[in-house]
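Proteins come first, then strands; the chains are lettered A, B, ... in the order of their sequence lines, and each starts at number 1.
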Amino acid sequence: MDINTILNGLTDSQRKAVLHRDGPLLVLAGPGSGKTRVITCRIAALIDSGVYPSQICAITFTNKAAEEMRQRVLASGALAGCHISTFHSLCVQILRRYGGPAGIEPFFSIYDQSDQLRCVKEAITACQVASSNFTPARMLYFISRLKNDLEDDQAFAARADDFFGKTAAKIYTKYQQILRKNQALDFDDLLVQTAFLLRDFPDVRYTLSRRFRYLLIDEYQDTNHAQYQIARGLASEHSNICVTGDPDQSIYRWRGADIGNILAFEKDWPHAVVVKLEENFRSSPNILRKADRLIAANQKRKAKTLIPTRPEGEEVQIRVCEDESEEAGQVAEDVLQTLAAGGDPRDIAVFYRINAMSRPIEEAFIRAKIPYQMIRGVEFYERKEIKDLLSYLKLIVNPADNVSFLRAVGTHSRGIGGKTVQRLQEFADRYGLALLEAAGQAHRLDTAPASARQRLVEFAQFFGRFANEAKGQASELMDSVFAESGMAEALRAAGDDEAIENINELINSAAEYDRSTEEPSLLDYLQTIALYSDTDAYDPNAGRVSLMTLHAAKGLEFGQVFILGVEEGILPHERSMEGGPDEFEEERRLFFVGMTRAKDRLTISHVRHRVLRGQYLRTVPSPFLYEIGYAGQSSGAVDFSDDWEHLEEGGTTSERAGISGVRKYVANELVEHEKFGLGRIKEFLDLGENSIVVVRFNSGKTKSLMLKYANLTKVR
DNA sequence: CCATCAGCTTTTTTT
DNA sequence: AAGCTGATGG
């Protein structure tokens, strides 16, 4: 797409602003409007007008997008050397160079979700909170939201006034202490600490803002408060901040993204030039009309239309199938037809709301021998053997990393079991040592038998050998650690060829990193891959059909798109319905994002029955379908006849909950009873006014109650 | 110490 | 359906 075509409807001064002018710039761009192209062209134009590439900092939403943008900038003839990365990667660079919070060394570990979970569990245990209201997952989510809003544990503790808040504050503080002790930062900390660094140290802010004289941020609608503050800090000296985004494509509210950031841009930067790109160069008008109708249903929205530029194409197809395997089979059939007609598998994608829905499609594609790539299935870096090997390496780089110690020590049977580890932990706590340090002094560990002490010392000595190699090449070190740690032997003994294969793949990718990086080091490697997700592994040229979640589809485009499972409870997802109208609208935006990925052909489907969480359930078409003009069976015209048959097959009555007009409760909803307190719905038997609910109360008791007498209230 | 198994919960989306 | 925890026995 030619840049002049993209900027076609703009005034001369707007064009100038986009390509050359200093100062704040907001590009409000709908789907398929060429907004990423606008960024690369601005970068090229800036360099062309004499700006040094090293003075430009562009921020993308994913590593993949960063990589692509780098290539495009190079292809446009501009010099290499501008900084293009995600917020998180940028923060790692900054923290390593300018220092993180007090007491954190540059070799900090980056903790992913499972590491965080371990730490928060430890924190909850340490705070001696024994309540189902403080589950690790819930606390982690809660803490994450606070961090996204830049509220540290002190600040939160100061304003928490009820029991939940005070307890949460204690856990938050403890959690931060644990991270600190491990010399670790979690994903959110990377942002928080960078934001604080820029806020509290004017000299750092000044230096960085002078270094990056031009700041460009893509997908600005999905920035959270921490990212917003970082952006402000980075642009503080020059106001050369260019952001692009589309409020209608904001789909990360649950992660703290604040749509207000893009909506308030003009207030934040009073002299901002605002450019709207409403023409769509991607999709056929048939697709755009439907997408437009859908998104128009959102209340909290600035009106905007999608202006088609392409000729009429095929009508959007909406179809219903019996169950998910039939749905998958139909997709496979359609794909085969497209391929037979000379279609390119690279240009086809299948989207779904949740990862768990990928399996039937995979099976259908395997059967039909359709080549496919799944984005984010079993995540590579989440695999046990990968995390195991990486834990050794992390421990070499950061000996204080107890989470990695615990993982490494347990990778295979080496005569160090739970009891020994527990004794070691007590010992380490008593003397204020990291676990690895404590293991090195295990001869003093008089609570453990001599054999165990000996093994601990050997384990520590193993790391002593590598202590000075943290600066070396990543792949060589990885190779020798794998061979000498005993992991290789253990995997071979177990005959786990798949694991060994994965390890080889990891070592190969590390070798690739060593080759392609200017100053490779184990430290840099570990901090880099910690931010790498499987979404980044998407290969547009792989010659395969792509399978991914709707979230992963953001920023991509395909000739033919299938969107599966557009049903109530799936899209919108049931968990989003608890969250009120805002979350409901976000689900609608998610569907909108999915639809607008399609260039020529779009097929949307829903099924009558679906297996969910191991249960065969009846489903209802998504309300979104009717919003795009679906005339299929409406909920009033549902055929009840097979319900009996269904019940006789052993299904529970709650399965019917979805089709009743008086549906009041669904499984898992939180309710309160004036006598029994809080509880969760286990089952809802829809018998009209005689409906019965089965509730499992927090006391542990499960009760069946007549709805009309129970006087239940929904919580939140 | 470690392997195994039954029984339990848990289940969105991701940097 | 799948993953985790805790108990059991070798």
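- Mapping R455(A) and A137(A) onto DNA chain B by nearest heavy atom places R455(A) at the nucleotide closer to the 5' end.
- The side chain of T62(A) lies closest to dT15(B) when the candidates are dT15(B), dT14(B), dC1(B).
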Practice task
Take Y175(A) and D186(A) through the test side chain to side chain donor-acceptor pair (under 3.5 Å) and record every step on the way to the result.
Solution key: CA-CA 11 Å; Y175(A) 173 72; D186(A) 66 17; 2.8 Å; yes
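- Contacts of L190(A) with the nucleic acid, taken as non-hydrogen atoms under 4.0 Å apart, are absent.
- Put simply, CG on L140(A) is 16 Å from P on dT15(B), counting in whole angstrom units.
- The distance between atom CD1 of I570(A) and atom C1' of dT12(B), rounded to the nearest whole Å, is 10 Å.
- Residue V421(A) is the one, among V421(A) and A356(A), whose nearest nucleotide of DNA chain B lies closer to the 5' end (criterion: closest heavy atom).
- Aromatic ring centres of F405(A) and F459(A) lie closer together than 6.0 Å.
- For the pair R253(A) CZ and dT12(B) C1', the interatomic distance rounds to 14 Å; values are reported in whole Å.
- The P atoms of dC4(C) and dT13(B) are separated by 15 Å, rounded to the nearest whole Å.
- No contact: R589(A) has no heavy atom under 4.0 Å from any strand.
- Rounding to whole angstrom units, OH of residue Y381(A) and P of dT14(B) are separated by 17 Å.
- Between dC1(B), dT14(B), dT12(B), one nucleotide has an atom nearer to the side chain of T420(A) than all others, and that is dC1(B).
- In this view, T411(A) and D388(A), Y392(A), R414(A), M487(A) satisfy the side-chain contact (heavy atoms from CB on, under 4.5 Å) rule, not counting sequence neighbours.
- Between D524(A) and R96(A) there is a salt bridge, with a side-chain nitrogen of the basic residue lying less than 4.0 Å from a carboxylate oxygen of the acidic one.
- Between F624(A) and F584(A), the angle of the ring planes lies from 30° to 60°, which puts this pair in the tilted group.
- Within 4.0 Å of F87(A), counting heavy atoms only, lies no atom of the nucleic acid at all.
- H412(A) has its NE2 atom 10 Å from the P atom of dC2(B), to the nearest Å.
- Where stacking is scored as ring centres under 5.5 Å apart with planes under 30°, W254(A) does not register as stacked on the base of dT12(B).
- Here dT5(C) is the nucleotide among dT5(C), dT12(B), dT14(B) with the atom lying nearest to any side-chain atom of K121(A).
- For the P atoms, the distance from dG6(C) to dT11(B) is 16 Å, rounded to whole Å.
- Checked by distance alone, R353(A) brings a side-chain donor or acceptor within 3.5 Å of a matching partner on the base of dT13(B).
- In this entry the distance linking CD of Q227(A) with C1' of dT15(B) reads 8 Å, nearest Å.
- Among the nucleotides dC1(B), dT14(B), dT15(B), the one closest to the side chain of T549(A) is dT14(B).
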Exercise for the section: Apply ring-ring contact (aromatic ring centres under 6.0 Å, His included) to F61(A) and Y252(A), showing your working. Expected result: CA-CA 11 Å; F61(A) 193 73; Y252(A) 283 91; 4.9 Å; yes
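- The nearest whole Å value for the distance from the CG atom in N355(A) to the P atom in dG3(C) is 13 Å.
- Side-chain proximity of R359(A) to dA2(C), dT14(B), dT15(B): nearest is dA2(C).
- Atom CD in E363(A) sits roughly 11 Å away from atom P in dA1(C) (whole-Å rounding).
- The nucleotide whose nearest atom lies closest to any side-chain atom of H573(A) is, among dT12(B), dT5(C), dT13(B), dT12(B).
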